[in-house]
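I have placed the structure first, in the form of structure tokens, so that the comments after it can refer back to it.
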Amino acid sequence: MKVCVIGTGYVGLVTGVCLAEIGHKVLCVDKDDRKITSLKNGRCPIYEEGLEELLERNMDQGNLIFGSDTSEAVGKSEIIFICVGTPPLPSGKPDLTAIDDVARMIGKSLNGYKIILNKSTVPIGTAKRIRKIIKENQVNSQEFDIVSNPEFLKEGEAVKDAFFPERIVIGSENEKAVKIMKELYGPIIRQDFDYARGNRKRKKEVPVLVTDSTSSELIKYASNAFLATKISFVNEVANICERIGANILDVTYGMGLDSRIGPRFMRAGIGWGGSCFPKDVRALSYTAEEYGSPASILNAVIQVNNQQRFKIVQKAVDLLGIIDDKIIGVLGLSFKPNTDDTREAPSVTVINKFLELGAEVRVYDPVVKDYPDNLDRGAVFAGDAYKALENADLMVLVTEWEEFSKLDFNRIKNIMSGKNIIDGRNYLDKKALKEIGFEYVGIGN
Ligand code: UGA
């Protein structure tokens, strides 16, 4: 099928590349010319395991091309994916300017029946809004259908999540559109494309849920909000553990053995961040408020998460007393491992607070080498973990990068001036560190 993907951000690029790999002719467009030029040269702007290789191969085979002319791309395609951003406004309400602009452009460029598909996380009701804008801007009265088809990709695992999803949600009130969508995703639903054969992640068949567009839009928000709730809940229990002398690792293990609860997404820590959970939980709470059904649980989930970051600072004060003039080595900046994304990263809040209290903060992250926008420029980047920890009074692990578990802690003990470790992810070997002589503080552990 001829597909065009508007927006080559995270979702758009992964979607475009993966659709090409399962056999479609894909044209990806973006208004950012520099990005398109770089993609045309086979350079992948984000790091995702396997993505660059797939990008190159599908470009070479002519299944994947990049361009800047959205109108032309719409004209040439049967299916149009809208993958543009909806960043939050200060109120928490998502900014729909980019979506509206694209809908107007699509309206003006329609030249036959097309399916317009929303892949980005968009506020509830956006499918209907897009339909209205397209209709208002149509030059002729061609037929078209709008489908809500949320993505569930995790950063760092996006290619696998795209090829081996746990479900495909199709939000459409129209049978013809649903049939075409099932054809589009056929190879993924049946798991019979080349990349899947022989891959251990391959599924038997991927479940497809067909529903109305509003329910589909809510499935995406409610899924992210539920996952964020799970983590905030576990973090709250971890805080109780600290008060009563229980161990969160055993508690979550014991809870997770109940199949209704399950063992995944139960890791206590410094809290959730990234480009999705914070934005989506706020947006759902905003919608709930707007429609007269305030979301008390979601508001508490956000509040618990905000407080959780400051628990690290409290723990540092408990260990060091006055923070002024203390040297703190922070390991990890990205919001989670295997990504360079620092959006809403808990590390930034914690480091800024340490600096505000007068500490000297040295930071090391295996991939983040530049200051995230809101990080206080007083933080100093170190070339490696050992340099970050030289003469430090305290080590704080914020992101569970694998290389941190392989550090030589005997060496670290000799180079640090204090022997204090706060493990914000319960990632290090507490017993081994205590044996070496460190004062180890985890989260509820
Ligand atoms: C999340 C969802 O997991 C995806 O399903 C969804 O498609 C995506 O948002 C999106 O809406 O685009 P992502 O933001 O990439 O994916 O990151 P996750 O791996 O889900 O982690 C989110 C945050 O939760 C991270 O800060 C992570 O450190 C934290 N986390 C996760 C915990 O603190 N504990 C856990 O047990 C798991």
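- Looking at residues two or more places apart in sequence or on another chain, you find no salt bridge (charged side-chain N to carboxylate O under 4.0 Å, His left out) involving E217.
- Residues passing the ring-ring contact (aromatic ring centres under 6.0 Å, His included) test with F193 are F163, sequence neighbours excluded.
- Side-chain atoms of I82 and L117, non-hydrogen and from C-beta on, never get closer than 4.5 Å to each other.
- Residue pairs meeting the salt bridge (charged side-chain N to carboxylate O under 4.0 Å, His left out) criterion with at least one partner in residues 253-275, sequence neighbours excluded, are E166-R264, D258-R260, R267-E400.
- Note that CD1 of I22 is 9.0 Å distant from CD1 of I189, once rounded to the nearest 0.5 Å.
- The side-chain hydrogen bond (donor to acceptor under 3.5 Å, both in side chains) test applied to R202 returns no partner, not counting sequence neighbours.
- Considering only heavy atoms from C-beta on, R282 comes within 4.5 Å of I302 through its side chain.
- Residues I180 and Y185 are not in side-chain contact: their nearest non-hydrogen atoms beyond the backbone lie 4.5 Å or more apart.
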Step-by-step side chain to side chain contact (heavy atoms under 4.5 Å, CB included) determination, D250 to I248: CA-CA 5 Å; D250 290 344; I248 191 67; over 6 Å; no
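- Within a 6.0 Å radius of OH in Y113, more than 12 heavy atoms belonging to other residues, nucleotides or ligands are found.
- With a 4.5 Å cut-off on side-chain heavy atoms, F335 and F277 do not count as touching.
- For Q314, there are no side-chain hydrogen bond (donor to acceptor under 3.5 Å, both in side chains) partners, not counting sequence neighbours.
- Legend: side chain to side chain donor-acceptor pair (under 3.5 Å) pairs involving residues 64-73, not counting sequence neighbours, sorted by first then second residue: D33-S68, S71-S109, E72-K76.
- A salt bridge links K353 with E356: the distance from a Lys NZ or Arg NE/NH1/NH2 to an Asp or Glu carboxylate oxygen falls below 4.0 Å.
- Residues that satisfy the salt bridge (charged side-chain N to carboxylate O under 4.0 Å, His left out) test with D341, not counting sequence neighbours, are R343.
- Within a 6.0 Å sphere centred on NZ of K203, heavy atoms belonging to other residues, nucleotides or ligands number more than 12.
- Partners of N174 by side-chain hydrogen bond (donor to acceptor under 3.5 Å, both in side chains), not counting sequence neighbours, listed by chain and number: D145.
- Under the rule for a salt bridge (charged side-chain N to carboxylate O under 4.0 Å, His left out), D429 has no partner lying at least two apart in sequence or in another chain.
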Worked verdict on R129 versus D100 for salt bridge (charged side-chain N to carboxylate O under 4.0 Å, His left out): CA-CA 8 Å; R129 180 185 176 113; D100 291 355; 2.7 Å; yes
Criterion salt bridge (charged side-chain N to carboxylate O under 4.0 Å, His left out) on E136 and K108, from CA distance to verdict: CA-CA 9 Å; E136 284 165 2; K108 289 184 183 128; over 6 Å; no
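- For D60, there are no salt bridge (charged side-chain N to carboxylate O under 4.0 Å, His left out) partners two or more places apart in sequence or in a different chain.
- Classification of E56 and R43 as a salt-bridged pair fails, no side-chain N sitting under 4.0 Å from a carboxylate O.
- Looking at residues two or more places apart in sequence or on another chain, you find a ring-ring contact (aromatic ring centres under 6.0 Å, His included) between F381 and Y371.
- Counting heavy atoms from C-beta outward, F152 and P165 have side chains that stay 4.5 Å or more apart.
- In this structure, F81 and V3 have side chains that are in contact, with non-hydrogen atoms separated by less than 4.5 Å.
- Salt-bridge annotation for D340 and K369: absent, with no side-chain N of the basic residue lying under 4.0 Å from a carboxylate O of the acidic one.
- Taking K179 as the reference, nothing meets the side-chain hydrogen bond (donor to acceptor under 3.5 Å, both in side chains) condition, with sequence neighbours excluded.
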